[in-house]
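Before any comments, here is the structure.
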Amino acid sequence: MELPKAYESSGVEESIYAFWLAKDLFSSRPDTTKKPFTIVIPPPNVTGSLHMGHALNNTLQDALIRYKRLAGFNVCWVPGADHGGIATQNVVEKLLLAEGKNKNDLGREKFLERMWKWREATGDTILEQLKKLGCALDFSRTRFTLDEVCSRAVREAFARLFEKGLIYRGKRLVNWCPRCMTALSDIEVEHEEEIGKLWHIKYPIVKVERQKGRKLERENDFVVVATTRPETMLGDTAVAVNPSDERYKKLVGRTITLPLVGREIKIIADEAVDSAFGTGAVKVTPAHDPTDFDIGARHNLEKVVVIGFDGKMTPSAGKYAGLDRYHARKEILNDLEDAGLLLETVEHPHAVGVCYRCSTTVEPLISEQWFLKVGEMSRRAVEASRAGKIKFYPASWEKPYIAWLENLRDWCISRQIWWGHRIPVYYCKNVPATVAPQKSSDGKSACPPFASVETPVKCPHCGGSKIEQETDVLDTWFSSALWPFSVFGWATDTKDVGVKNDLEYYYPTSVLVTGHEILYLWVARMVQFGLEFMCERPFSDVYIHGIVRDKHGKKMSKSLGNVIDPLDIIKKYGADALRFAMISSATAGRDIQLSDDSFVGARNFANKLYNASRYILMNLEKYPLDDISLDGESLEETDKWILSECAAVSRIVRGHYESYELDKTARAVYDFTWNKFCDWYIEFTKERLYGIDAAARRTALKVLVNILADILKIIHPIMPFVTESLWRALRERLPALKGEFPESIMETAYPSLPASSEEYLKSAADVSFIVEVVTVVRQLREEMKIPAAQKITLQIRAEEKTAARFAERSVYITKLARADKIESNLSLEPRACACVVVKDAEIFIPLEGIIDIAKENSRLASELSKFEGFSRSLSAKLSNEKFLAKAPASEVENTRAKLAEATTKIEKLKSNIKYLG
RNA sequence: GGGCGGUUAGCUCAGUUGGUUAGAGUACUUGCUUGACAUGCAAGGGGUCACAGGUUCGAGUCCUGUACCGCCCACCA
């Protein structure tokens with residue numbers, strides 16, 4: 001016996017993964033005789049190393065892929081990584097900083113060289129780590145969003161949108177991160193709750209003599225505005241009130257002297273002002289606030305920029321110029337205070353926008369950026385959803401997804417960083433020296449900017465060769481949005497037939513698996529671009545899973561120190577355990593809390609599976625089999641029972657896979673394997689395997705092997721390593737069957753067994769009879785404190801038919817209930833016995849001297865009262881006329897049957913109390 | 001300010017179209033070197049299903065409201 005007693009995952013997993021790679025089992029080629037099942041990986045950032053979120057996301061995909069392969073599909077799971085624009089540039093900038101340099105010291109070209117060097121060195125970390133998880137990715141297809149195939153797709157997509165007039169350049173108020181020094185799109189800004197302050201500031205009104213005669217003297221000579229950002233007051237160009245606000249009606253049109261600055265600004269009326277908030281009067285800073293920007297546009301207000309791209313005050317800020325925005329705030333408040341213009345300060349909770357990459361407070365700033373018109377694209381995306389072309393699992397995500405699409409504003413796609421796809425827009429510089437070259441298409445330059453997929457050699461307008469490319473790069477999510485088709489070579493040379501076939505064969509992909517945090521950032525945009533460029537949805541299903549949290553429900557983060565490293569878990573418990581723990585807790589629509597306990601449980605399950613196999617393998621060594629066909633074998637009821645249970649679980653699990661309820665697949669296989677197969681069936685087979693009847697032994701062993709093979713296949717998508725290693729072990733012990741047992745379990749087919757026949761259902765009833773008898777006897781033994789080693793005699797008092805049932809199954813009952821024999825006698829007069837009732841039979845255990853009569857009596861009494869209570873509630877139900885009238889007949893009948901059973905039991909318990917008393 | 005999800009055993013969670021006196025894992029208690037497994041086996045204690053109403057013969061499950069927790073969205077200064 002060379003099999004160790006416990007399953008040891010380390011070592012096994014590496015060699016199995018190497019075996020899969022060597023056999024090239026992960027790669028897929030178009031094959032028109034088979035249906036494809038395609039998943040493109042949500043490309044992790046090249047900066048990333050595997051965390052629990054990746055582990056969960058990829059385990060779910062791997063389970064789906066592996067299941068579908070067994071189910072007969074040509075599966076293709078495409079790996080890759082995202083260049084991760086800002087995030088990645090930040091990482092390398094930090095490295096430079098440690099060397100005392102910044103990116104401007106290097107210049108664009110040298111800096112990018114440095115970025116690529118870094119990417120070559122560390123960028124594949126995460127893909128390597130996914131191998132440890134067991135992911136069956138087709139590595140021959142690995143893509144990187146910045147490689148030539150994907151970059152070409154980006155340029156092609158951009159150029160097409162540009163030609164359609166959907167891309168435009170404009171000077172607008174955008175979200176600006178003063179730390180990353182770039183614009184951000186609306187969804188790249190996160191909102192953090194903060195208890196800020198609302199400062200009330202007096203703005204003096206310029207007195208106008210003779211304007212309204214005497215009355216004027218009695219009016220307030222100032223307006224009070226409320227603001228959370230006093231530093232922006234330097235850029236105020238108006239004060240606005242609601243037009244219907246009676247308090248201020250008379251003041252509209254009047255002039256105010258802006259404190260600290262001295263600029264004269266007007267009081268204007270605008271609907272955007274909520275008269276119920278603050279004082280009802282709002283300072284208007286068109287250059288630094290989105291609402292104010294709109295108000296300014298309506299009233300033609302000047303935009304005074306007082307905060308610069310670096311977050312410091314500009315020269316327009318006068319004496320505050322050069323100060324950091326928060327430092328300036330302090331100074332301004334001091335100065336206002338000194339001037340007696342600061343009235344009150346109220347605590348004010350509000351949300352502050354922060355950069356999703358560095359958490360710096362975002363500044364709304366005016367700058368020139370490229371935008372994509374998304375109206376038509378998002379309308380088509382909504383249509384696709386409404387037509388049922390894209391389904392969410394769980395469905396509850398569809399509503400917020402559609403709502404988001406419907407309220408979408410144009411997408412700011414330009415970024416002022418260097419790492420990314422440089423926008424393929426070119427400016428013709430071939431203009432008379434008198435006219436300065438312009439980036440914008442405002443008509444001043446001789447030629448309008450143009451987009452081009454290839455690097456242009458001359459201007460398409462004037463033929464000039466002095467051409468400069470736009471320096472901004474694209475939002476990293478622009479390339480991500482193309483991912484489902486760019487990975488298959490969209491926009492690459494169509495003469496390459498292989499590439500063309502791939503796209504046709506694999507697109508649209510089957511399912512997208514992702515966490516909900518990038519539903520808008522990524523999923524919605526893939527749908528828009530898929531419909532735009534491929535005229536076809538990128539995937540039919542979106543499987544959205546929860547976020548991994550720690551055991552207290554907190555998000556895992558480095559700063560909280562509650563991060564669980566999946567690689568540690570793999571080392572300690574094995575990849576299978578990690579996978580099983582994650583899958584079984586991934587309930588649809590809920591976040592996932594993981595603790596060490598869950599991994600221990602999963603590891604134990606792997607061990608259980610291993611040991612069940614070990615039992616079979618060891619017996620196979622002793623009693624080799626040439627075939628495992630059950631034809632002609634005389635199956636007993638336990639065999640039929642386990643076969644039908646196995647068929648049922650394979651069917652149930654199949655259904656759960658189809659509806660992406662992977663947690664249920666895990667629970668179902670666990671329950672079947674442990675509670676049915678191991679706890680009962682294996683115990684049943686010991687009688688035959690260790691007996692002397694060779695034919696019976698062969699039958700039992702054949703059934704065991706059949707069930708084990710099916711269990712391994714059913715569990716394989718969740719726990720690929722242990723199932724593969726056990727498959728291999730099984731195959732080695734069945735040398736005559738190498739044809740039927742492929743080398744790898746990945747090459748087998750998912751079990752599809754017919755539904756149970758009547759005969760099999762009857763055997764299920766027989767087995768449950770055994771289980772019930774054994775269970776009650778065990779309970780009684782425990783309660784009576786009968787030592788485990790002590791054998792007991794079971795005396796049965798029952799009608800002939802029931803008595804026969806006991807006799808037929810006596811081997812199992814005696815063995816599992818630790819009895820030495822079963823005696824049956826209808827006219828039995830028990831003395832000094834413990835008693836249990838099963839169906840219409842009474843089981844007595846005579847144990848003179850061991851049993852405590854008083855104790856047994858009280859046990860029977862409590863048993864009795866339990867059933868009497870139950871019986872009462874059933875009787876009450878049945879004597880309720882409304883119940884009889886309204887409940888379905890089957891329900892009434894059910895209740896009657898239960899009552900009858902309870903009544904029998906009660907009678908027998910009563911009579912036994914009498915005997916004992 | 002909207003929207004979504006959660007609240008079931010000490011802990012983590014199941015609970016299908018309403019139908020026994022609500023389950024699992026784990027932890028806890030007790031007993032077991034049972035010819036696969038102590039990463040195990042057997043048994044046990046432990047829950048007013050957040051709260052308040054309602055619908056129904058019958059509610060953990062459906063409806064309304066409340067509380068608390070979490071998430072997403074939103075230009076109220």
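In this text, all values refer to a predicted model and were calculated from it rather than measured experimentally. A, B, ... follow the sequence lines: proteins, then strands. Residue 1 opens every chain.
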Nearest to side-chain heavy atoms of A:Ala351, which nucleotide of B:rA77, B:rC57, B:rA74: B:rA74

Of A:Asp591 and A:Gly280, the one whose closest RNA chain B nucleotide lies more 5': A:Asp591

Integer-rounded Å distance: B:rC41 C1' and A:Tyr681 OH: 20 Å

Sugar-phosphate, base or nothing in reach of A:Glu891, heavy atoms under 4.0 Å: base

Distance between P atoms of B:rC51 and B:rG60 (Å, rounded): 11 Å

Of the listed nucleotides B:rG19, B:rA42, B:rG40, the one nearest the side chain of A:Lys877: B:rG19

Atom C1', compared across B:rG58 and B:rU20: separation rounded to whole Å: 12 Å

B:rG18 versus B:rC57 - spacing of their C1' atoms, nearest Å: 12 Å

Touch class at under 4.0 angstrom, heavy-atom based, for A:Lys686 against every strand present: base

Rounded distance in Å between the C1' positions of B:rA77 and B:rC72: 24 Å

Pair A:Lys283, A:Thr232: side-chain N/O donor-acceptor within cut-off below 3.5 Å: yes

Any-strand Watson-Crick or G-U partner of B:rA9, both distances under 3.5 Å: none

Aromatic contact, A:Phe392 with A:His516 (centres under 6.0 Å): no

Phosphate OP1/OP2 of B:rC13 contacted by A:Gln593 side-chain N/O (<4.0 Å): yes

Sugar-phosphate only, base, or nothing, as touched by A:Asp274 at under 4.0 Å among non-hydrogen atoms: base

Touch class at under 4.0 angstrom, heavy-atom based, for A:Pro364 against every strand present: nothing

Atom-pair distance (CH2 on A:Trp680; P on B:rC41), nearest Å: 12 Å

Interatomic distance where CD belongs to A:Glu661 and C1' belongs to B:rC13 [whole Å]: 15 Å

N/O (side chain, A:Arg667) to phosphate O (OP1/OP2, B:rG15) under 4.0 Å: no

Under-4.0 Å side-chain N/O to phosphate OP1/OP2 contact, A:Asn604 with B:rG40: yes

Ion pair A:Arg298/A:Asp294, N-O distance below 4.0 Å: no

Any side-chain donor near an acceptor of the partner, A:Thr285 and A:Asp236, under 3.5 Å: yes

Side-chain N or O of A:Lys866 closer than 4.0 Å to phosphate OP1/OP2 of B:rU20: no

Atom-pair distance (NZ on A:Lys882; C1' on B:rU55), nearest Å: 13 Å

Pairwise C1' distance for B:rG15 and B:rU7, with rounding to whole Å: 15 Å

Ring centroid separation A:Tyr401 to A:Trp397 under 6.0 Å: no

Candidates B:rC41, B:rC37, B:rC75 - which lies nearest the side chain of A:Asn607: B:rC37

Shortest non-hydrogen contact between A:Ser613 and A:Leu609, atoms and distance: OG-O, 2.8 Å

Sugar-phosphate only, base, or nothing, as touched by A:Asp679 at under 4.0 Å among non-hydrogen atoms: sugar-phosphate

Presence of donor-acceptor pair under 3.5 Å, side chain of A:Lys5 and base of B:rC37: no

Base paired to B:rG44 (Watson-Crick or G-U; both N/O distances under 3.5 angstrom): B:rC28

Minimum-distance nucleotide (side-chain atoms of A:Asn880 versus B:rC71, B:rG19, B:rC57): B:rC57

Sugar-phosphate only, base, or nothing, as touched by A:Glu868 at under 4.0 Å among non-hydrogen atoms: nothing

RNA chain B: 5'-proximal contact among A:Lys898 and A:Lys399 (nearest heavy atom): A:Lys399

Options B:rA77, B:rA14, B:rC37, nucleotide nearest the side-chain atoms of A:Asn611: B:rC37

Pairwise C1' distance, B:rU34 and B:rA50 [rounded to whole Å]: 46 Å

CD/A:Glu406: more than 12 non-hydrogen atoms of other groups inside 6.0 Å: yes

Between B:rU34 (P) and A:Tyr615 (OH): distance, integer Å: 16 Å

Nearest-Å distance for atom pair CD/C1', residues A:Glu687 and B:rG35: 13 Å

B:rU12 versus B:rA27 - spacing of their P atoms, nearest Å: 15 Å

B:rG65 pairs with, by Watson-Crick or G-U criteria that keep both distances under 3.5 Å: B:rC51

Given B:rU56, B:rA43, B:rU7, the nucleotide with the shortest approach to the side chain of A:Thr775: B:rA43

Nucleotide paired to B:rC4 in any strand shown, Watson-Crick or G-U, under 3.5 Å: B:rG70

Options B:rU7, B:rA77, B:rC75, nucleotide nearest the side-chain atoms of A:Arg409: B:rC75

Nucleotide nearest A:Thr587 (side chain, heavy atoms from C-beta), chosen from B:rA43, B:rG19, B:rC13: B:rC13

B:rU17 pairs with, by Watson-Crick or G-U criteria that keep both distances under 3.5 Å: none

Between B:rC75 (P) and A:Asp270 (CG): distance, integer Å: 17 Å

Sugar-phosphate, base or nothing in reach of A:Gly869, heavy atoms under 4.0 Å: base

Candidates B:rA43, B:rC76, B:rU56 - which lies nearest the side chain of A:Phe277: B:rC76

Touch class at under 4.0 angstrom, heavy-atom based, for A:Leu198 against every strand present: nothing

Selection from B:rC71, B:rG35, B:rA74 that lies nearest to any side-chain heavy atom of A:Lys622: B:rG35

Sugar-phosphate, base or nothing in reach of A:Phe605, heavy atoms under 4.0 Å: nothing

Sugar-phosphate, base or nothing in reach of A:Thr228, heavy atoms under 4.0 Å: sugar-phosphate

Integer angstrom distance from the C1' of B:rG23 to that of B:rA9: 10 Å

A:Lys572/A:Asp596 salt bridge by N-O under 4.0 Å criterion: yes

Distance in angstrom units between A:His348 NE2 and B:rC76 P, rounded: 9 Å

Closest contact, heavy atoms only, A:Ser584 versus A:Asp663: O-CB, 3.7 Å

Touch class at under 4.0 angstrom, heavy-atom based, for A:Arg603 against every strand present: base

N/O (side chain, A:Trp674) to phosphate O (OP1/OP2, B:rC41) under 4.0 Å: yes

Touch class at under 4.0 angstrom, heavy-atom based, for A:Arg229 against every strand present: nothing

With sequence neighbours excluded, residues passing ring-ring contact (aromatic ring centres under 6.0 Å, His included) with A:His656: none

